[in-house]
Amino acid sequence: MNLRRLAAVARKETLHLIRDWRSLTLALAIPLILILLYGYALTLDLRQVPTVVWDQSKTSTSRELLSLFQNSPSFSIRGYYDSFTGLQKELDSGRAMIALVIPADFANKVQAAKPVKIQIIGDGSDANTSRLSMNYAAAVAGLFARTVAAEQMQLKGRGELKPPVEMKERSWYNPDLRSQNVLIPGIIALVMIVVAAMLTSTTIAREWETGTMEQLISTPLRAPELIFGKVVPYFVIGMTDVVMAVLMGKYIFAVPIVGSTLLLFAMSALFLIGALFFGMTLSITLKSQVLANQIAIVAGFLPTLLLSGFVFAIENMPLPLQLITYIVPARYFIAILRGIYLKGIGLEILWADALFLGIYSLFMIIRANRAFKFKLE
Amino acid sequence: MQPNTTTPENLPAIEADGLSKTFGEVKAVDRLTLQVYPGEIFGLVGPDGAGKSTSLRMLASIMDPSSGSARIAGCDVSREAAKVKEHLAYMSQQFGLYRDLTVQENIDFYADLYGVTQKGRKARIEELLDFSHMRPFVNRRAGDLSGGMKQKLQLACALIHTPKVLLLDEPTNGVDPLSRRDFWRILHRLRQDRVSILLTTAYLDEAERCDRVGLINQGRIIAVGTPEEIKRLMQGRILTIRSNEARKILAILQGRLSTISANVFGDTVHLVCRDIEETEKLARQVIQEAGYPVNQIQEAPPTLEDVFVSVLGHDGSHPTRKPLRQQKQAFASHAATASREIAVEVQHLTRRFDSFIAVDDMSFQVQRGQIFGFLGPNGAGKSTTIRMLCGLLRPSSGNGTVAGFNIRTETEEIKLRIGYMSQKFSLYEDLTVEENIDFYGGIYGLSGNRLDLRRDWAVEMAGLTEHRKSLTAVLSGGWKQRLALACAILHEPPIVFLDEPTSGVDPLSRRRFWDLIYSMADQGITVFVTTHYMEEAEYCDRIALIYGGKMIAAGSPLELKTRSMQDEIIDLRCPDPQALAEPLRLLPGVRDAALFGSGLHIVTADAEAARKEINRFLQENSIAEATLATILPSMEDVFVSLIEEVDRRNLSADQPGDRP
Amino acid sequence: MLRRIQRMLIKEFLQMLRDPRMRVVIFGVPVIQMTIMAFALTTDVMNIRTAVLDMDKTPASRELIESFTAGNYFRISSYLQSDRELSGVLDRGDVRAVLQIPSGFGKDIHSERTATFQLITDGTDSNSTAIALGYAGMIVSEYSDARQMDRLARKGITTKPVQIETVSRAWFNPNQESRFYYVPSLIATMLFIFSLMLTSIGIVREKEIGTIEQVMVTPIRSLEFILGKTIPYMITGYISMTIMLCVAFVVFDVHVRGSLPFLYAVTGIYLVGNMGLALIISGSASTQQQALLTSFLVLMPSVMLSGFMFPLNNMPDPVRYATLFNPMRWYLEILRGIVMKDVGLAVLWPAITAQAGLSLTFLIVAAARFKKTLS
């Protein structure tokens, strides 16, 4: 491989990028928006679940229960209705997610310490959210029951009861369970697959489509020089995006890096190379910008978003899918990112993930070079 | 670059041995065998789709041959591709440079690819910029250059490493005569430096300048030799009749004379016949009866184009002239008596792009049924004007009508009445030939029986009967061009705009294009055409010459040749004319000397004085076999001299005279 | 006019479907995507790998451990012997939680003191952790209540605890299976991706190759051209949706509860809006790459802020207001309404109005801009 020719290709590709300021801006704006979206707007935590109530009891006891709901950050009572149809309308229209039905004999039964049933109706059309909020609601009801029991005990003159068991919760690595601490590191992977695979997936195809490839083939340029040269500027953009993500994470969203920043960048570079050559391979084999790009989205972006553990924990997936995630490189990269960011661990633990990333990148480099026939058909 | 490994002079630098290429069932190139020696220019000519580009690509080692072998500078193209590429420069037919990079950046990029050292590079780039006259444009983006400049830039990029072998695929396609002259000047310099040049071309006057020519048809070389040798293939002798009514003369002569063939070349009718005296007598008689003016009747040596037409014209592979009759019927729906109605009229038409004035205060009229030629160098504003007339572009100021409709306000009406063929090939490459025709037919509102008829007509007219179901992408450049024309006139519009319809099309198809254009004009269809083939300009009823966005001359070809041209032209036939051009230009009284076909045209204000000087010069250099004649200028002479006159005026008015 | 449009359609279909790889992308990919996603996307947490560090080793501590493993929530995967092993198992990610019971736990329970233990969780997946902690809380309070009962019983007090039972019912999706939820979401997403990207690229490509110039000198009106360019993608969108609905029915047993014609009609509004957006994008882009990146820039926030994966309620107010201008948000609401809730115009009219308003706006902007692009 001749480094000078490689550098020439890299320089040319950089000029294309600079000339096409719009693509360049987009390459930097997309990560920015992703980071802001995940940093500010997107969270899976339940907050302010819109709740409607049919309080058939209308007693101070039932109001006490409802005030527990009202005070919980998870729920927000949006309205009271006196009929089933009222609740139904709210759930149908999606204005409410949860409906509580408190029976008429609620207060009496509670006073008499008889079992009583309250009904929680969730909007199952959003299964995840409804299940979570129904669990939360049950927990709130349980809390109410215990409070009442303790009060009753006290009333019976037994004095204050100490709870026999108390659980202390400690969450390591992320004591406040901030979702930003978890999402921001994951975004680095997402940003890189988007920028790297999307940008490179069009680059070789474009040379074929505009007819410049024919001229290139006639020069002493070798295929690997072209491939590696083309990757260089995109690598720079990708790393710029990483730096941007890290800085924004640190200064805007206050996500600290516990581990080694150097290792973080090194691992990002490794993953980036894999992603770049993945895009290259698509561009080389498909020779069409549209097709290469669609595949880059379907085979690159979506798995990184969904099957990497970024948003949805891998352990919660059914087994066949868990097996599929082993071939999603972002899975390893996200493990590494969270390891460095939150746990502060290094290669002594992450070596296996790093090794896989290395193999993946190498495989993609070889794949791209193998696939490239530097000839006209 | 590697001076130590020069090939011996007597060995061919390009050597093909039984080179073949098959695409599916089609044999694109069939056992091609040829040699090109150092310092030789070899021209490969043949009809569209004959396998010219494929041959070049295999020689450039960018496409693997199906069988056979080839050597470039002694290295095998398949096994030693890397070495081959070091010695080779290749210019693809398609513009292969990056439009978003500047001239300088493109050159630098190629210099790096070829590993030109920093030390030698600067001098080499300077040299290339000088000799391609590109220096004023180094910071311009390649995409903004005119067609001629683009080709020169591509050549400059290919030459950056002083190659031993140069392969050029239709390098002058779509390039105006001025730039073409520049281009050939460069090629001759390279030839003197012992570079082997193999080129393909659709301009047969260029082929005449080659040292040797190979005639290729259906993938097979059918003749190789010097232009003189090739011309000997010609059966019969040639009688030329020069007249301003050449086309009409041809029409009346056809069928009345027992000639082998009769064709029009510019303003001249060529009759190929066995008995020259008999034919001349008969011809004179017929023309006199008809009362057409004749400038000159004489026997002439055959040109390559004569050979091309006579050797390949009777070949079954090529569309014959028969369909002409059908066309007459096809256009009959629009047939009308030729009237003096105005079809196109513009007043003070101007179009600005930011600060750049592409079209500057242009006014003209085109009458119905006229063939109106629009000539001018690349970037003069021809295409911009046509786009405005077609309603694609709004004029910045000025006004105009097409078919009686305003080009500002009634573009939809105009579009119903025009056919337009753009310069850039613009059919869908991922559709087949028939699908393209169906698509355009459909959006022009054809359907059912009529669409069937027109489809058959178009396929036949484009000579693509065997390729109806082929994807357009696999057709050769000339074929695509024919298909584009067919699609543009499917709906038989009363006004047709053709932007360089014949660029890159072989001479035979070009003739058919023009036959078609004539038959359209005969039926009252107005044809608005741009071209870089100056002999085609002769076919037009009226010509407007535009330059720098302005119309600098207008009139019939005869008017232009006699009135607008102040200088006189001396035609010089001699061996190795290119070598003489430089010294002749320096003679007193000689304004310019340039290659013209296989000879030289010398421009002078005073022919008598100049002839004396030239004769003296020829004697001093003991060049005996030269003939001199003062002639009526050709269209190309007019074109070049008018433009140079404008340049001179601009220069004296202290304005930079660079042609954009 | 109809004939010209018809020709455009034929041409577009030929171009779109000539490449077999493209056919796979258009019709095959949505099916695969749906299959994977419907299984993958669940925030439910089960079988949390848990290590136990039991320094007490009494029947009480074992009972606690048992109560943790009784449900399906926690799964004990290892027993630790000392504190020192703790950081190792968490760092390596071997377990997500460690149940640490100090010595003296059993003694504290039997005396009147409060016995404490620790649940250490791995916060690197904050969402799963929060849910796990919720489960743990319930388990512990149950366990604690039982111990309280024991204590009181020892003192001779028998009391019934207050029992508030919650009866949870999920409407529209009684088993709360995610697949019911993801089928409509994925249809909306896939339609958005394909209609936006393919349409905008289709137009930009004609600009790039120069064919648009040839077409624009024909009598074709810009409206016809636009229709010809967009209708094929709308039809493809419909076909794609139909395929996805079929797969949903056959593979996942998810069927449309509401009216199918209504669903297809409302989808039309959505697709038309997407076409408008695609036209706006293609009007401003000059290369395919630009069109792709711009589409992606529009697409990503639209998907993320549609309520697909992230509940709209959780978003900060400004962002929530911004989602009002997100066509996919409305479509998703409509789609879920029709597919799962069987509601009609009476309930969905606000969303449909919003959707139609957005689509119309996009079209008007597109028409204004497209005229300009051509000249």
Side-chain angles (χ1 to χ4, degrees), chain A residues 22-23 26 30 37 41-44 47-48 92-93 113 115-122 124-131 134 138 141 145 148-149 162-171 173-174 177 179 182 202 289-291 293-294 298 306 312-313 316-318 321 338 342-343 345 349, chain C residues 21 25 29 39-43 45 90-92 109 114-116 118-121 123-130 133 140 144 147-148 160-173 176 178 181 201 288-290 292-293 297 304 310-311 313-315 319 333 336 340-341 343 347:
Chain A
R22 190 170 146 151
S23 292
L26 287 170
I30 289 176
L37 268 180
L42 305 179
T43 150
L44 290 164
R47 263 182 267 131
Q48 309 276 326
D92 273 354
S93 66
V116 60
K117 287 182 186 173
I118 58 174
Q119 219 182 84
I120 305 171
I121 304 164
S125 71
D126 185 346
N128 283 331
T129 316
S130 73
R131 186 172 29 212
M134 282 157 75
V148 174
K162 273 192 210 146
V165 179
E166 201 178 270
M167 179 174 75
K168 285 188 187 147
E169 301 171 354
R170 265 178 62 198
S171 281
Y173 314 126
N174 184 12
L177 293 178
S179 58
V182 177
T202 56
Q289 296 188 49
V290 192
L291 211 55
N293 209 279
Q294 290 298 319
V298 168
L306 302 171
F312 301 99
N316 305 338
M317 296 174 190
L321 269 184
R338 289 190 179 153
L342 299 169
K343 295 184 177 177
I345 52 180
I349 290 174
Chain C
R21 300 172 303 180
V25 166
V29 166
F39 282 123
L41 308 183
T42 166
T43 48
V45 181
L90 282 169
D91 275 354
R92 281 194 301 275
I109 283 199
T114 300
T116 59
Q118 212 173 180
L119 184 70
I120 303 168
T121 46
T124 50
D125 182 352
S126 57
N127 184 48
S128 306
T129 307
L133 285 176
V140 171
S144 179
R147 296 291 82 76
Q148 190 74 283
K160 270 186 275 173
V162 175
Q163 284 181 357
I164 301 183
E165 219 177 298
T166 51
V167 184
S168 296
R169 277 203 317 177
W171 280 4
F172 317 124
N173 181 8
Q176 305 199 48
S178 359
Y181 161 59
I201 290 170
Q288 293 182 53
Q289 190 177 30
Q290 285 179 2
L292 283 167
L293 288 173
L297 188 77
M304 303 281 173
F310 303 94
N313 287 310
N314 296 359
M315 295 172 190
V319 180
E333 196 177 318
R336 283 184 187 157
M340 310 191 61
K341 302 185 185 173
V343 289
V347 172

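Computed over heavy atoms, backbone and side chain alike; hydrogens, waters and symmetry mates excluded. Here the structure is a predicted model, which is why all the values come from computation and not from measurement. Residue numbering restarts at 1 for every chain, and letters A, B, ... go by the order of the sequence lines.
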Quick check on the interface: out of [options], who has the most heavy-atom pairs with chain A under 4.5 Å?
options	result
C/Arg147, C/Gln288, C/Met340	C/Gln288
C/Val140, C/Val319, C/Ile120, C/Val343	C/Ile120
C/Leu90, C/Val29, C/Val347	C/Leu90

With a 4.5 angstrom heavy-atom cut-off, is it the side chain or the backbone of A/Ile121 that approaches chain C, or both, or neither?
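Interface part for A/Ile121: both.
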Applying a strict 4.5 Å limit to non-hydrogen atoms, the region of A/Thr202 in contact with chain C is side chain
Write down the atom of [X], the atom of [Y], and the distance for their closest heavy-atom approach.
X	Y	value
A/Leu291	C/Arg21	CD2-NE, 3.3 Å
C/Gln289	A/Gln289	N-OE1, 4.0 Å
A/Lys343	C/Arg92	NZ-C, 4.5 Å
C/Leu293	A/Ile30	O-CD1, 3.8 Å

Heavy-atom distances under 4.5 Å only: say whether C/Leu119 touches chain A with side chain, backbone, both or neither.
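Contact with chain A involves both backbone and side-chain atoms of C/Leu119.
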With only heavy atoms counted, which part of C/Gln118 is less than 4.5 Å from chain A, the side chain, the backbone, both or neither?
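Looking at C/Gln118, backbone and side chain both touch chain A.
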Test A/Tyr173 against every option in C/Thr121, C/Thr124, C/Asp91, C/Thr129 by the side-chain hydrogen bond (donor to acceptor under 3.5 Å, both in side chains) rule and name the one that passes.
C/Asp91
How far does CG of C/Leu297 sit from CG of A/Leu26, to the nearest 0.5 angstrom?
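The distance works out to 6.0 Å.
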Could you tell me the separation between the CG atom of C/Leu133 and the CZ atom of A/Arg170, rounded to the nearest 0.5 Å?
12.5 Å
Select, from A/Leu342, A/Asn293, A/Ile345, the one with the greatest count of heavy-atom pairs under 4.5 Å involving chain C.
A/Asn293
Taking the side chain as everything from C-beta on, heavy atoms only, tell me whether C/Val25 gets closer than 4.5 Å to A/Val298.
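SC-SC contact between C/Val25 and A/Val298 ruled out.
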